[in-house]
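Data block below; observations after.
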Amino acid sequence: MVGGREDDVTHTFSLASRARLTHHDLGRFPAETLFDRLARAVCEAGCLPRKELFEAWEMARRVRRLFRGGRVLDLGGGHGLLAQVLLLLDDSSPGSLVIDKTLPPSSLKLHDVLVRTWPRLEGRVAFVAADLEDVEILSGDVVVSSHACGALTDRILERAAAARAQVAVMPCCHNVDVGDAGGLSGWVESPLAIDIVRATRLANQGYRIWTQTIPGAITPKNRLLLGAPC
């Protein structure tokens, strides 16, 4: 199931679509579940691609099953939906920082709608336009990144491990020409080999790791790597 719906929904309503959710989609989310309320807020904002709602929800649920509390750092966070869903799922986090080199102008529009729906988010989410290297990561942080392209995923893992922070990444845009496949490409496809090497490297840095996936109906780039310092 995805967001409380059986997979047969995908035959008429593609979860992977990049089309924006708008007020025309409100009727698709009639329930009073947290997911449907979130989806209606996203529809009201009218600025978020459909797949980003489902990606953020499925990733956040898996992160919170393992990691509670902590300041959330959403790196390459774009609209910052992932960071805000993590706060909705666990109020023990003091707040979140959404970091991106260039923030979408509509990120604040989405945030305003979410604050109107959940006033407890007010003052707990900060949007910062900055490079990754300018971000201070602390040991108590929960570092997340959904679809950080190519080597950016590696740099996020390196920075998180150096700070001994909890980390969760869903990689994409694997550059098979320069990525470290660890000599495994003869057995498995190169993008998977690159992610296996990432997981192994994190474990060798003294982390307990978890390897999971989100539903492939949302994205084929659905591998999720989570780690916490031992």
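Residue numbers start at 1 and run along the sequence shown. The structure presented is a predicted model; accordingly, all values stated were derived computationally and were not measured.
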Backbone N or O of [Y] within a donor-acceptor pair of the [X] side chain at under 3.5 Å?
X: Arg40; Y: Phe29; answer: yes
X: Ser145; Y: Leu75; answer: yes
X: Arg68; Y: Asp90; answer: no

Below 4.5 Å, heavy atoms only, C-beta onward: do Pro49 and Ser17 meet side chain to side chain?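 No, too far: nothing below the 4.5 Å cut-off.
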Once salt bridge (Lys or Arg N to Asp or Glu O under 4.0 Å) is applied, do any residues pair with Arg116, and if so which ones, sequence neighbours excluded?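 With neighbours one apart ignored, the set is Glu44.
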Side chain to side chain contact (heavy atoms under 4.5 Å, CB included) between Arg64 and Ser93, intermediate numbers included: CA-CA 11 Å; Arg64 280 310 191 199; Ser93 282; 2.6 Å; yes
According to ring-ring contact (aromatic ring centres under 6.0 Å, His included), does anything in residues 70-89 pair up with another residue at least two apart or in another chain? List the pairs.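 Sorted pair list comes back empty.
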Thinking salt bridges, do Arg124 and Asp91 make one under a 4.0 Å N-O criterion?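 Asp91 and Arg124: salt-bridged.
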Work out which heavy atom in [X] is nearest to a heavy atom in [Y]; give both atom names and the distance.
X: Ile194; Y: Val176; value: CD1-CA, 4.2 Å
X: Glu136; Y: Arg71; value: O-NH2, 3.2 Å
X: Ala39; Y: Leu53; value: CB-CD2, 3.8 Å

Surrounding CZ of Arg120 (heavy atoms of other residues, nucleotides or ligands, distance under 6.0 Å), is the total greater than 12?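 Yes - once you tally the heavy atoms of other residues, nucleotides and ligands closer than 6.0 Å, there are more than 12.
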Check the angle between the aromatic planes of Phe54 and Phe13 and answer parallel, tilted or perpendicular using the 30° and 60° thresholds.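 Plane angle over 60°, so perpendicular.
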Distance-only check: which donor-acceptor pairs under 3.5 Å involve side-chain atoms of residues 222-230, not counting sequence neighbours?
{"unit_1": "Asn222", "atom_1": "ND2", "unit_2": "Ile214", "atom_2": "O", "d": "2.8"}
{"unit_1": "Arg223", "atom_1": "NE", "unit_2": "Asp195", "atom_2": "OD2", "d": "2.8"}
{"unit_1": "Arg223", "atom_1": "NH2", "unit_2": "Pro191", "atom_2": "O", "d": "3.4"}
{"unit_1": "Arg223", "atom_1": "NH2", "unit_2": "Asp195", "atom_2": "OD2", "d": "3.0"}

